[in-house]
Amino acid sequence: MIEFKMPSLGADMDAGTLVEWLKKPGDAVKRGDIIAVVDTQKSAIEIEVFADGILDRLLVEPGQRVPVGTVMATIREPGDLADAGLPPKAVPSSASPPAAKSSAPVAPASAPLVAARGEPRATPAARRRAVELGVEIASVLPGPEGVIGLGEVEAAAGARAPAKPQRPGGISFDEMRKAIGAAMARSHREIPHYYVSSTLDVSPLMAWLEAENTRRPVPERLLYAAPLIRAVARALMDSPELNGHYVDGRYDPAEHVNLGIAVAMRGGGLIAPAILAAETLDLAAIMERLRDLVARVRGGRLRSSEMTAGTATITNLGEGTADSLMPLIYPPQVAIVGCGRIVERPWIVDGKIEAAKLMTVTVAGDHRISDGRRAAAFLMNLDKLLQSPETL
Amino acid sequence: MTDNDIAKLVQSALFAVAPDLEGETVGPDVPFRDQFEIDSMDFLNFVIALHKATGIEIPERDYPKLESLDKAVAYLKAKGFAQ
């Protein structure tokens, strides 16, 4: 009998709320099947099963919030007999630790526009902003179309003193901020970070991309993030000390680069699901995965494997932001690559001043595994790859 | 097709790529980026949605002409979209 437990979907998760079961007892399940949806503090996550068998018993009910590691269901392996009346394992339904936060109402991240019973119609973005601003959605006057939008929420928030943030549904920004805080406090406390950075000339990359996008029909155009991710994934393959997991005093370098992509959530917060085996994907495939990940961060669901399999992370600030950043590593990973926005600046090439498009890339590494030299070698390698974008 | 119809089309393209904004009032002259934290991926998807809805080829250098509702309507009209 296999115990299916509430997984830890990242360093920042200590408990999760079951939203729904997607399989019922007696159903055959295969490794990789999605069998449940769990709400974490950040997002609704589809939980995959890691073994083949028959779903035996469900021990947690939708709406229950249980700590990581709680047995949620049992799965019969081929050869196991059906569970013959053994007393069920204690369901830690009331097992939320006493100090735990009260459980959030169950609602997927992508709440549709329809109103919950007795609630006014409001857009999901407005609901989130209401949470953020501590505005009770029921107290907001709808706009001219009878729908509460961001503007109505903001007006309502401005009209009175801010209250303690509440959680009418969807993701709690309060909880998410706590989760990010807890994970980053752990990172800061446990990981002896070092930082190494270089300013890279990305003019060739941007010139190539412009030509490429002129040639490509609209739906096939690329964002510079795609070749950047590809180059980072390839360079990480040559830097095993920056790509892997450090668990219980032991470092496991990874075979593939499962590259976590830090995606900002509208309204605040950050989540970093991984593109699996990114080094094996071509530009079109990376672009497709990226598009899909962003869409699911915005309004859909992420999968458990995407949340746990990341072997390194990239955080790309993008247009209209800042020149550089010094990110914190996401445990159990051992490195994170931070890319600043691209800026045009004077640059000296062969003794002459030229206008160049520059990007400052910073690597945070873990001193328990490597030294700055490794990160410097990674940056030189990355630079080299970016100088020949046509080979990416 | 009236300006209003085109504006509706632009808004539905925006909501298609940012479903959590569905139903929001879109300020006519404020860039989408500033109004709704639209990032480069959202924006590209928005351009793709406009392209699919109108059949107009939109070169990358024209992206700034689509940054707000009013500008996008003017751009589509200038490109001859009025079916």
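The sequence lines fix the lettering, A, B, ..., with proteins before strands; numbering per chain opens at 1.
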A.B. asks: Name the option with the most non-hydrogen atom pairs under 4.5 Å to chain B; the candidates are A:L223, A:V294, A:V263, A:T214.
C.D. replies: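 Between A:L223, A:V294, A:V263, A:T214, the count favours A:L223.
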A.B. asks: Could you state the interatomic distance from CG (A:L290) to OG (B:S40), rounded to the nearest 0.5 Å?
C.D. replies: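 Here the rounded value is 8.5 Å.
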A.B. asks: How many angstroms lie between CD1 in B:I48 and CD in A:E220, if you round to the nearest 0.5 Å?
C.D. replies: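 CD of A:E220 is found 9.5 Å from CD1 of B:I48.
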A.B. asks: What distance separates A:R221 CZ from B:L44 CG, expressed to the nearest 0.5 Å?
C.D. replies: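 Spacing of CZ (A:R221) from CG (B:L44) equals 8.0 Å.
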A.B. asks: Supply the atom-to-atom distance A:I148 CD1 to B:T25 OG1, rounded to the nearest 0.5 angstrom.
C.D. replies: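 These two atoms lie 11.5 Å from each other.
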A.B. asks: Provide the closest heavy-atom pair for B:E60 versus A:L222 in the form atom of the first, atom of the second, distance.
C.D. replies: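 It is OE2-O, 4.4 Å.
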A.B. asks: Of all heavy-atom pairs between A:M287 and B:M41, which one has the smallest distance, and what is that distance?
C.D. replies: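 Smallest heavy-atom distance, with atoms named: CE-CE, 4.0 Å.
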A.B. asks: Looking at B:I38, B:D42, B:I58, which one has more heavy-atom pairs under 4.5 Å with chain A than the rest?
C.D. replies: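 Answer, by heavy-atom pair count under 4.5 Å with chain A: B:D42.
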A.B. asks: Could you give all pairs that pass the ring-ring contact (aromatic ring centres under 6.0 Å, His included) test and reach residues 42-76 of chain B, with sequence neighbours left out?
C.D. replies: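 Residue pairs passing ring-ring contact (aromatic ring centres under 6.0 Å, His included), neighbours aside: B:F32-B:F46, B:F43-B:F46, B:F43-B:Y63.
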A.B. asks: Please check if the number of heavy atoms outside A:E344 that lie under 6.0 Å from its CD is greater than 12.
C.D. replies: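 Result for CD/A:E344: enclosed.
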A.B. asks: What's the separation between atom CZ in B:R61 and atom CG in A:N213, rounded to the nearest 0.5 Å?
C.D. replies: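 If we round to the nearest 0.5 Å, B:R61:CZ and A:N213:CG are 12.0 Å apart.
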A.B. asks: Tell me, for B:A18 versus chain A, whether the close heavy atoms (under 4.5 Å) come from the side chain, the backbone, both or neither.
C.D. replies: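 The answer is both parts of B:A18.
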A.B. asks: Look at A:E319 together with B:R33 and state whether they make a salt bridge at an N to O cut-off of under 4.0 Å.
C.D. replies: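 Between B:R33 and A:E319 there is a salt bridge, with a charged N closer than 4.0 Å to a carboxylate O.
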